[in-house]
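Comments concern the structure below.
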There are 2 protein chains.
Amino acid sequence: MTRSRPGPRRALSEQQILDAAHRLLAERGAEGVSIRGIAAQLGVAPNAIYTYFPDKAAVLGALVDSVLGRVGRECFADPAEPWRDRITALAVALRTELLVDAGGVALMGGVPLNGPNALAVGETLLEVLAAAGLEPEAAARASYLLTTYVLGAVSLEVAELEQPGPPPPEGERVAARATAFATVPAAHYPRSAAVAATMATYITTEQFLWGLDRILDGLAQSGTGTRTA
Amino acid sequence: MTRSRPGPRRALSEQQILDAAHRLLAERGAEGVSIRGIAAQLGVAPNAIYTYFPDKAAVLGALVDSVLGRVGRECFADPAEPWRDRITALAVALRTELLVDAGGVALMGGVPLNGPNALAVGETLLEVLAAAGLEPEAAARASYLLTTYVLGAVSLEVAELEQPGPPPPEGERVAARATAFATVPAAHYPRSAAVAATMATYITTEQFLWGLDRILDGLAQSGTGTRTA
DNA sequence: TCCTTCTCTGTACGATGTACAGAAACTAGA
DNA sequence: TCTAGTTTCTGTACATCGTACAGAGAAGGA
């Protein structure tokens, strides 16, 4: 119950700023998210933003965390499902949201995933792993492994679409990668060139799922994990 | 044998520019790598750089690739060794070099890993996987999986050391993470808080190796891979 | 009413990437 | 040897960025 404080009423809110940042991100890509741009969208002087956030890094951090919040809210899968399915659902949702919504930002700014929503997602993950029968230590390590994989996948895909602007749909990305690989000199890199065509198609959700399955295989095999299904 | 061309002799070289960039990276961190900074180090006007590279992204790309070159040169492990050891050596070397040398740059700039040295490393990886008995398709997928993991690990660690400057040694990073985790509110995130102490220590080479082992387990188990050791 | 507190604006500084034009240096051909 | 052509670097300039500083104005508490 915060007492109403003196001074003029706030014309903005943290959420409005994040919404504007999000809009900018969708329209112009990660590079296009600037304090001045956000302020312009809100019809406000650039400095007004600094009333709500201490600096740009804070805005980006909150932006990424708000995206993670959406994932957390949508991914409370049924605890009755097999743990592999629950983890897969969480991982896919994370990748998708980060990729289309905040991928560039998450990495370009070196934004640490410290926010409350990031913690909540981590908590859910630990919960599922514990329910799968992993000891706390193994669960912690597994959670870090899975996080690493998701972030790496996002990071690789983001790094590949160099130009600014909104991220192209998956089909376009695959096509672009195929042509890029077609230029690999076979004389020097015979194996890379040989798998070029197939590799191009692997930069997709399907390859992500394949890798995830291998990781889950490894986790299930690692002793402390459950062995059923 | 390139014929000598007209015009004044070049005062610089691509390598000198990359060396200066590298020096700047080590001293001031990823944010400190600027065209103007590089030019200043070389005692040259900023625009002179544009004679050698079309834009900043090209400089960063070449910088990252040169770091990868060092990895490739140092990591032609003995083909007689077990494939797991060879892959582990390659992955560890990659992570180490990217982390201490070009981690921030590799991600902050969204630099695509397209350069010749990146291709060479990928080629080596495919070679080892083929030697391990994987079919070309499985090898391609496995190579992508491993790359993703390494990049994710680097990306996570880089994101955590927020401040600019040279990356602190691993011990300091672990300590910083321990204190950060100590502030996690146990009421809201019981599991995260419970594993805080141990998780802090996992952001290390050791956790990286643990995850890598799980992945290699999954690969070995996935049918097409070799089953021996 | 006055005083305090808060929010937003105007202005400004330093830094960045890089485009443009021009001067100087060098080679190749006459 | 002279000249024309080519290349390299410099000087200057512009747009953009994050953000620091001071101040105006609105709003509540006394």
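Every chain is numbered from 1, with letters handed out A, B, ... down the list of sequences.
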Presence of donor-acceptor pair under 3.5 Å, side chain of A/Asn47 and base of C/dT11 = yes

Please check if the side chain of B/Glu123 supplies one atom and the backbone of A/Arg191 the other of a donor-acceptor pair under 3.5 Å.
-> yes

If only side-chain N and O atoms of B/Arg5 are considered, is one of them under 4.0 Å from the OP1 or OP2 phosphate oxygen of D/dT8?
-> yes

In whole angstrom, give the distance that lies between atom CD1 of A/Ile35 and atom P of C/dT9.
-> 14 Å

With no hydrogens and no angle check, is any side-chain donor or acceptor of A/Asp65 less than 3.5 Å from a backbone partner on A/Ala118?
-> yes

Nearest whole angstrom, please: distance from the P of C/dT16 to the CG of B/Leu60.
-> 14 Å

Report the distance from atom CD1 of A/Ile38 to atom P of D/dT16, rounded to the nearest whole Å.
-> 17 Å

Interatomic distance where CG belongs to B/Leu42 and P belongs to D/dC9 [whole Å] | 11 Å

Classify the nucleic acid contact of B/Arg36 as base, sugar-phosphate or nothing, counting any heavy atom under 4.0 Å across all strands shown.
-> base

Presence of B/Tyr50 side-chain N/O under 4.0 Å of D/dC9 phosphate oxygens OP1/OP2 = no

Find which nucleotide of DNA chain C each of B/Pro6 and A/Leu12 is nearest to by heavy atoms, and output the residue with the more 5' nucleotide.
-> A/Leu12

To the side chain of A/Arg10, which of C/dT7, C/dT9, D/dT8 is closest?
-> C/dT7

When B/Gly7 and B/Pro54 are each assigned the nearest nucleotide of DNA chain C, the 5'-most assignment goes to B/Pro54

Specify the separation, in whole Å, of atom CZ of A/Arg28 and atom P of D/dT16.
-> 11 Å

Establish, from distance only, whether the side-chain atoms of B/Arg86 and B/Thr124 form a donor-acceptor pair under 3.5 Å.
-> no

May I have the distance from B/Glu31 (atom CD) to D/dC17 (atom P), rounded to whole angstrom?
-> 16 Å

With B/Tyr52 as reference, evaluate B/Arg10, B/Gln15, B/Gln16 under the side-chain contact (heavy atoms from CB on, under 4.5 Å) test and give the passing residue.
-> B/Arg10

Does the side chain of A/Ser34 get closer than 4.0 angstrom to OP1 or OP2 of D/dC17 through an N or O atom?
-> yes

Side chain of A/Pro8 (C-beta onward), nearest among D/dA26, D/dC9, D/dT8 = D/dA26

Consider the side chain of A/Ala45, meaning its heavy atoms from C-beta on, and name the nucleotide among C/dC8, D/dC9, C/dT9 that approaches it most closely.
-> C/dT9

Give A/Phe53 one of three labels, base, sugar-phosphate or nothing, depending on what nucleic acid heavy atoms sit under 4.0 Å from its own.
-> nothing

Without swapping roles, check the side chain of A/Tyr149 against the backbone of A/Phe208 for a donor-acceptor pair under 3.5 Å.
-> yes

In whole Å, what is the span from the NZ atom of A/Lys56 to the C1' atom of D/dC17?
-> 8 Å

Taking for each residue the nucleotide of DNA chain D bearing the nearest heavy atom, is the 5' side occupied by A/Asp55 or by B/Val44?
-> B/Val44

Are the side chain of A/Gln41 and the backbone N or O of A/Ala21 linked by a donor-acceptor pair below 3.5 Å?
-> no

d(OH, B/Tyr52; P, D/dT7) in whole Å | 14 Å

Tell me whether the OP1 or OP2 atom of D/dG28 has a side-chain N or O from A/Arg9 closer than 4.0 Å.
-> yes

